[in-house]
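Data block below; observations after.
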Amino acid sequence: MPDYNELTVPEATLLQRELQEKVTLVPYKGPLNYIAGADISFNKFSTTVYAGIVLLKFPSLIPVGYSLVKKEVHFPYVPGFLAFREVPALLDAWEQLPLKPDILVVDGHGIAHPRRMGIASHFGVLAQQATIGSAKKKLYGVYEEPGPEKGSVSPLTDRKGQLLGNVLRSKTNVKPIFVSPGHLVDVPDSLRILRQCIQKYRLPEPTRLAHNAVNQFRLGAIPEGWTGMS
DNA sequence: GCGACAG
DNA sequence: ATCTTGTCGC
């Protein structure tokens, strides 16, 4: 695996095209006893990123532990290349997880990307892990605004009509979230599974808890490493 | 050339 | 993404 910090955007584009051929979109048949959420936090203008993965029991969505890692990154944030900034740190956090989840929810898009290679797909291929992308804003694609009530959904497609994911109204009268498969799951299952992760907030529990964890970690409220709960 | 543009 | 007080609406 190349050092992402040394890549140019053209080189990163070539790598995305190579990895894209490995993305597998299939119905999810495996067990679903554990699910996890991954996210990154950082101080503006800083090259230090705080990555974290929170593991939760499914379907209770009760958190059972988290993995936190601090890392230096130099690849800049460029729309369409988020993975080159966040995946290295997330892989470190992933490696120190004592127990791998059946599904990992990544904060960002899966195949709803110009080259069908959003961060969730990128991570999934490298870690050979089933992943779902859950984003707060659109990166690529077209869609009709879903109805205002919680549960309303509308398809996200490319300009040729190919299905990329779905736009889900997770809470009534609240901006919708974008759900797309990353790897080893398909569009229908990514939506079905993610819907089961919505509780009281706009964001799915795995992502929401991961966001809280990395934020507290960055602020020094939690120590680095693996922390089981009980 | 102009608008769009995950985190 | 992060920094922030008040404010609008269910």
Side-chain angles (χ1 to χ4, degrees), chain A residues 4-5 9 12-13 16 19-20 23 37-54 68-91 93 104-124 131-143 145 147-152 156-159 164-183 190 194 200-204 206-221:
Chain A
Y4 284 4
N5 284 328
V9 169
T13 302
Q16 287 185 327
L19 295 176
Q20 197 286 318
V23 173
D39 193 21
I40 293 284
S41 177
F42 58 86
N43 289 308
K44 200 174 183 179
F45 303 131
S46 169
T47 57
T48 302
V49 296
Y50 301 80
I53 296 178
V54 174
L68 299 170
V69 163
K70 180 180 174 183
K71 198 178 181 91
E72 289 300 305
V73 295
H74 294 99
F75 195 95
Y77 168 67
V78 180
F81 299 87
L82 177 64
F84 295 90
R85 258 183 77 73
E86 308 194 345
V87 163
L90 288 179
L91 283 175
L104 175 69
V105 179
V106 181
D107 188 23
H109 297 281
I111 63 170
H113 176 282
R115 291 169 292 286
R116 311 293 187 273
M117 207 53 199
I119 189 172
S121 299
H122 196 126
F123 183 96
T131 60
I132 293 174
S134 175
K136 298 177 286 300
K137 299 176 182 174
K138 182 191 76 169
L139 167 64
Y140 180 79
V142 294
Y143 67 97
E145 190 68 18
E149 68 289 353
K150 167 183 170 71
S152 206
L156 176 66
T157 72
D158 63 15
R159 287 177 300 182
L164 301 175
N166 286 286
V167 184
L168 170 67
R169 188 80 68 183
S170 54
K171 296 287 294 180
T172 298
N173 291 326
V174 168
K175 289 169 59 63
I177 59 177
F178 301 77
V179 186
S180 60
H183 185 49
S190 61
L194 192 120
K200 187 181 180 184
Y201 303 88
R202 177 198 178 206
L203 302 182
T207 300
R208 195 178 69 81
L209 296 182
H211 188 276
N212 288 341
V214 294
N215 226 21
Q216 298 193 316
F217 173 40
R218 175 174 60 83
L219 298 174

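Below, read A as the first sequence line, B as the second, and so on, with proteins coming before strands; counting in each chain starts at 1. None of these values were measured; they are calculated from a predicted model.
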Show, in sequence, the C-alpha distance, side-chain angles and deciding distance for A:Tyr50 and A:Phe217, and conclude whether the ring pair (Phe, Tyr, Trp, His ring centres under 6.0 Å) test is met.
CA-CA 7 Å; A:Tyr50 301 80; A:Phe217 173 40; 5.4 Å; yes
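Distance CD1 (A:Ile119) to C1' (C:dA1): 12 Å, rounded to an integer number of Å. When the P atom of C:dT2 is taken as reference, atom CZ of A:Phe45 falls 13 Å away, rounded to whole Å. In this entry the distance linking CG of A:Asn43 with P of C:dT2 reads 9 Å, nearest Å. Computed from coordinates, the A:Tyr50 OH to B:dG7 C1' distance equals 17 Å when rounded to whole Å. Atoms NZ (A:Lys150) and P (C:dC10) sit 19 Å apart, rounded to a whole Å. As rounded to whole Å, 17 Å separates atom P of B:dG7 from atom CZ of A:Phe75. If you take CG of A:Leu90 and C1' of B:dA6, they are 13 Å apart, rounded to a whole angstrom. Atom OH of A:Tyr143 is separated from atom P of B:dA4 by 13 Å (rounded to the nearest Å).
Set against B:dC5, C:dA1, B:dA6, the side chain of A:Ala135 has B:dA6 as its closest nucleotide. Which of C:dA1, B:dA6, C:dT2 sits closest to the side chain of A:His109 comes down to B:dA6.
At a threshold of 4.0 angstrom between heavy atoms, the contacts of A:Ser41 are confined to the sugar-phosphate backbone, with no base atom among them. Nucleic acid contact class of A:Gly133 (heavy atoms, under 4.0 Å, all strands): none. Across all strands, A:His211 comes closer than 4.0 Å only to sugar-phosphate atoms, never to a base (heavy-atom distances).
For C:dA1, one of the phosphate oxygens OP1 or OP2 lies less than 4.0 angstrom from a side-chain nitrogen or oxygen of A:Lys136. The phosphate of C:dT2 (OP1 or OP2) has a side-chain N or O of A:Asn215 nearer than 4.0 angstrom. In this structure, A:Arg218 reaches the C:dC3 phosphate: one of its side-chain N or O atoms is under 4.0 Å from OP1 or OP2.
Formation of a donor-acceptor pair under 3.5 Å by the A:Thr47 side chain with backbone atoms of A:His74 is not found in this model.
Judged by the 6.0 Å distance and 45° axis criteria, A:Arg85 is positioned over the aromatic ring of A:Phe42.
With its ring centre under 5.5 Å from that of the base six-membered ring and a plane angle below 30°, A:Tyr77 counts as stacked on B:dG7.
At a cut-off of 3.5 Å, with distance as the only test, a side-chain donor of A:Gln16 or A:Arg115 sits close to an acceptor on the other residue.
Ion pairing between A:Arg208 and A:Asp39 fails under the 4.0 Å rule for side-chain N and carboxylate O.
Between A:Asn173 and A:Asp39, the residue anchored closer to the 5' end of DNA chain C is A:Asp39, taking for each the nucleotide with the nearest heavy atom.
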